[in-house]
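Bear in mind that the values here come from a model prediction, so they are computed numbers and not experimental data.
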Amino acid sequence: MKKSARLMWIIAILMILSSCSTVTPLGRAAKKGDIKKVEALLKKGADVNAVMMPGLSPLHEAVFNSAPVDIIRLMVDKGADVNKTSCGDGWASSCNCGTPLHIAACKGNVSIVKLLLEKGADVDSVDGGGYTPLSLAASGGQQAIVKLLIEKGAETDNAKGFLISKQENSASRIIELAEKATKKKAPIAPPAPPKQALSIVIQSDVDELPSIRMNQNSNAYAIVIGIEDYRQKLPKADFALQDARLVADYLVKTMGYPEENVVLLTNDKALQSDMNKYFERWLHNHVEPGATVFIYYSGHGAPDPKTGSAYLVPYDGDPSFIAETGYSLTRMYDALGKLPAKEIIVALDSCFSGAGGRSVIAKGARPLVMKLQNDTVLSANMTVLSASAGDQISSTYDEKGHGLFTYFMLKGIKNEEVVNPDGSIKMDDLFGYIKPQVERIARKQYNNEQTPQLMGGNNR
């Protein structure tokens, strides 16, 4: 009897453990490489960071099974945590433990390693056994990945101290050779350009400024913000820096805004304190009755999961403490609404649901459906152009080197019919051009729904 009871108990425990390790539907779809199923599950609200025993997320499953890079990119853009650790302290390192970068390095998938590093994976993260991605790649003889990780700044001394014993000598040698190769090339090879520099190389028709030039309007003011890289190592907001610089050029060199009246804030010059200063003091001190004011923002947005409020994410912003470190849209609209301007235009190439694209969210929080149009109260002289609806993401237009919304906004401005002689914009005409173009490209090239929004009173 006792043996029978013990046997039944063991079987029950095994069944529980087996059920705990069941893959989530999202992980199963990613594992099979079924991108349509992945998209459908994410659209229905599947938790991209759900974990099953022993701590495997759908992203872990996708990387372990070498899913197509497009699926992994989609999951990360939808909020999958690239630094989530599976297993736990004391677990022996293997190709399905650690962060997704550990798994990709262990399995030798170079393209996935590149993508994860590009999306903010910690190159020196440590798994439950004390191993870094570099030590796992070296122990597995993955020379190309070892070289890539070292080029990305991986710390080699710690990696050498945690090499799998059977491969210790050869793995240590692989690291040393990669270090030497990297050092030898450093003095003669040009430094790798940052991603924003690469975007400048991509030339499109909007990079050539319009031939028309409006008369200078001394009572026209603009704040242009572009944040591509963030202090908190958030995912890059691709092309945001290039977008902001080009918008500033259009304003000064084409639309009659005096250069001294245009404030350009980029990356670490766009702190929360800078937004406070320029939105709430600088504009108040400079804008006179009858002025034209233009505000442009390209970068991440974030929701407050507790209140549903939408925030711009400054360079020093933290989605986990967005109410304390972000700059709320309500606060910005209130500050702008106090100005004695004739016309205020706000263009936002961002999104605020936290579902990916140009939006981020606190770890563990679910994306929100933001009701930007219904919940926004604007002064009668203010018009807001937003890149997408509240439940959508704002895409980039990679082949043009710009945000999708910004590209067609600038292309519309190049059309003389939407710009008045004094440099002001006919908003109805501009929006009428932007909306169908963005919807078409988002659907055709990215299988994504992106519908720009026009909000506010004085549409001209």
Open item on the list: Classify the ring geometry of Phe408 against Tyr397: parallel below 30°, tilted from 30° to 60°, perpendicular beyond 60°.
Closed with: parallel

Open item on the list: Under a 3.5 Å threshold, yes or no: a donor from one side chain and an acceptor from the other, between Thr406 and Tyr296?
Closed with: yes

- [ ] Using a cut-off of 6.0 Å, state whether more than 12 heavy atoms not belonging to Glu208 lie near its atom CD.
- [x] no

Task: Donor-acceptor contact present, side-chain Thr383 to main-chain Ile345, <3.5 Å - done: no

Open item on the list: Looking at Glu259, I want to see if its CD is surrounded by more than 12 non-hydrogen atoms of other residues, nucleotides or ligands under 6.0 Å.
Closed with: no

Open item on the list: Between Asp318 and Arg231 (salt bridge meaning N to carboxylate O under 4.0 Å), is one present in this structure?
Closed with: no

- [ ] May I ask you to decide whether Arg331 forms a salt bridge with Asp334, counting only side-chain N to carboxylate O separations under 4.0 Å?
- [x] no

Task: Test item: Asn49 side-chain N/O and Asp81 main-chain N/O as donor-acceptor pair under 3.5 Å - done: yes

Task: Rounded distance [0.5 Å steps], CD1 in Ile225 versus CG in Asp274 - done: 8.5 Å

TODO: Assess whether side-chain contact (heavy atoms from CB on, under 4.5 Å) is satisfied between Asp47 and Thr24, documenting all intermediate values.
DONE: CA-CA 9 Å; Asp47 186 354; Thr24 65; over 6 Å; no

Task: Backbone of Glu228 reached by a side-chain donor or acceptor of Asn267 within 3.5 Å - done: yes

Open item on the list: Whether the side chain of His102 engages the backbone of Ser125 through a donor-acceptor N/O pair (distance < 3.5 Å, no angle test) should be reported.
Closed with: yes

- [ ] For Gly403 and Phe239, work out which heavy atoms get closest and say how close.
- [x] N-CB, 4.2 Å

Open item on the list: Any donor-acceptor pair under 3.5 Å linking the side-chain atoms of Thr325 with those of Asp316?
Closed with: no

TODO: Find out whether Gln445 and Asp398 are in side-chain contact, i.e. whether some heavy atom of one side chain is under 4.5 Å from a heavy atom of the other.
DONE: no

Task: Any donor-acceptor N/O pair, Tyr407 side chain to Ser204 backbone, under 3.5 Å - done: no

Open item on the list: Walk me through whether Leu283 and Tyr278 qualify under side-chain contact (heavy atoms from CB on, under 4.5 Å).
Closed with: CA-CA 6 Å; Leu283 283 174; Tyr278 285 101; 6.0 Å; no

Task: Value rounded to 0.5 Å, distance of CD in Glu324 from OH in Tyr311 - done: 8.0 Å

Open item on the list: Any side-chain to backbone donor/acceptor pair from Glu61 onto Leu56? Under 3.5 Å, distance only.
Closed with: no

TODO: Please determine if Lys31 forms a cation-pi arrangement with Phe64, meaning its NZ or CZ atom is less than 6.0 Å from the six-membered ring centre and no more than 45° off the ring axis.
DONE: no

Task: Charged N-O contact under 4.0 Å between Glu39 and Lys43 - done: no

- [ ] Say whether Glu280 and Tyr327, considering side chains only, have a donor N or O and an acceptor N or O under 3.5 Å apart.
- [x] yes

Open item on the list: Go through it in stages, so that I can follow the logic: the residues are His402 and Leu246, the test is side-chain contact (heavy atoms from CB on, under 4.5 Å), and I'd like the CA-CA distance, side-chain angles, deciding distance and then a yes or no.
Closed with: CA-CA 10 Å; His402 295 286; Leu246 189 58; 3.4 Å; yes

- [ ] Determine the interplanar angle of the Trp282 and Tyr221 rings, folded into 0 to 90°, and report it as parallel if under 30°, tilted if 30 to 60°, perpendicular if over 60°.
- [x] perpendicular

Task: For Ile71 against Val38, the heavy-atom pair lying closest together - done: CG2-CG2, 4.2 Å

Open item on the list: Tell me whether Asn83 contacts the main-chain N or O of Asp122 through its side chain, where contact means a donor paired with an acceptor under 3.5 Å.
Closed with: yes

- [ ] Check for a donor-acceptor pair, side chain of Asn65 on one end and backbone N or O of Ala67 on the other, with a separation under 3.5 Å.
- [x] no

- [ ] Search all heavy atoms of Tyr315 against all heavy atoms of Leu271 and return the closest pair with its distance.
- [x] CD2-CD2, 3.7 Å

Open item on the list: What verdict does the side-chain contact (heavy atoms from CB on, under 4.5 Å) test give for Val287 and Val293, after you've listed the backbone C-alpha separation in whole Å, the side-chain angles of each residue and the deciding distance to 0.1 Å?
Closed with: CA-CA 8 Å; Val287 172; Val293 176; 3.9 Å; yes

TODO: Identify the heavy atoms of Ala154 and Leu134 that sit nearest to each other, and give their distance.
DONE: CB-CD2, 4.0 Å

TODO: Keeping the roles fixed (side chain from His60, backbone from Lys84), state whether a donor-acceptor pair exists under 3.5 Å.
DONE: yes

Open item on the list: Show the nearest heavy-atom pair for residues Ala347 and Phe294, with the distance to one decimal.
Closed with: CB-CZ, 4.2 Å

Open item on the list: Has Asp349 got a side-chain atom pairing as donor or acceptor with Ser394's backbone, closer than 3.5 angstrom?
Closed with: no

Task: Distance (rounded to the nearest 0.5 Å) between His284 NE2 and Lys338 NZ - done: 9.0 Å

Task: Rounded distance (nearest 0.5 Å) linking atom CE of Met275 with atom CD1 of Ile227 - done: 4.0 Å

Open item on the list: Using the rule side chain to side chain contact (heavy atoms under 4.5 Å, CB included), only one of Ile112, Ile72, Leu116, Val76 pairs with Pro100; which is it?
Closed with: Leu116

Open item on the list: Assess, by modelled atom type and distance only, whether the side chains of Asp207 and Gln242 contain a donor and an acceptor separated by less than 3.5 Å.
Closed with: yes

TODO: Only counting residues at least two apart or in another chain, list the ones meeting salt bridge (Lys or Arg N to Asp or Glu O under 4.0 Å) with Lys411.
DONE: Asp205

Open item on the list: Rounded to the nearest 0.5 Å, what separates atom CD in Glu260 from atom OG in Ser218?
Closed with: 9.0 Å

Open item on the list: For a quick check under 3.5 Å, do Ser395 and Asn448 share a side-chain donor-acceptor pair by atom type?
Closed with: yes

Task: Nearest heavy-atom neighbours spanning Ser298 and Asp243 - done: OG-OD2, 3.9 Å

Open item on the list: Against Arg245, only a single residue in Leu241, Val247, Asp249 fulfils side chain to side chain contact (heavy atoms under 4.5 Å, CB included); can you say which?
Closed with: Leu241

- [ ] Could you grab the distance from atom NZ of Lys435 to atom CG of Leu385, nearest 0.5 Å is fine?
- [x] 12.5 Å

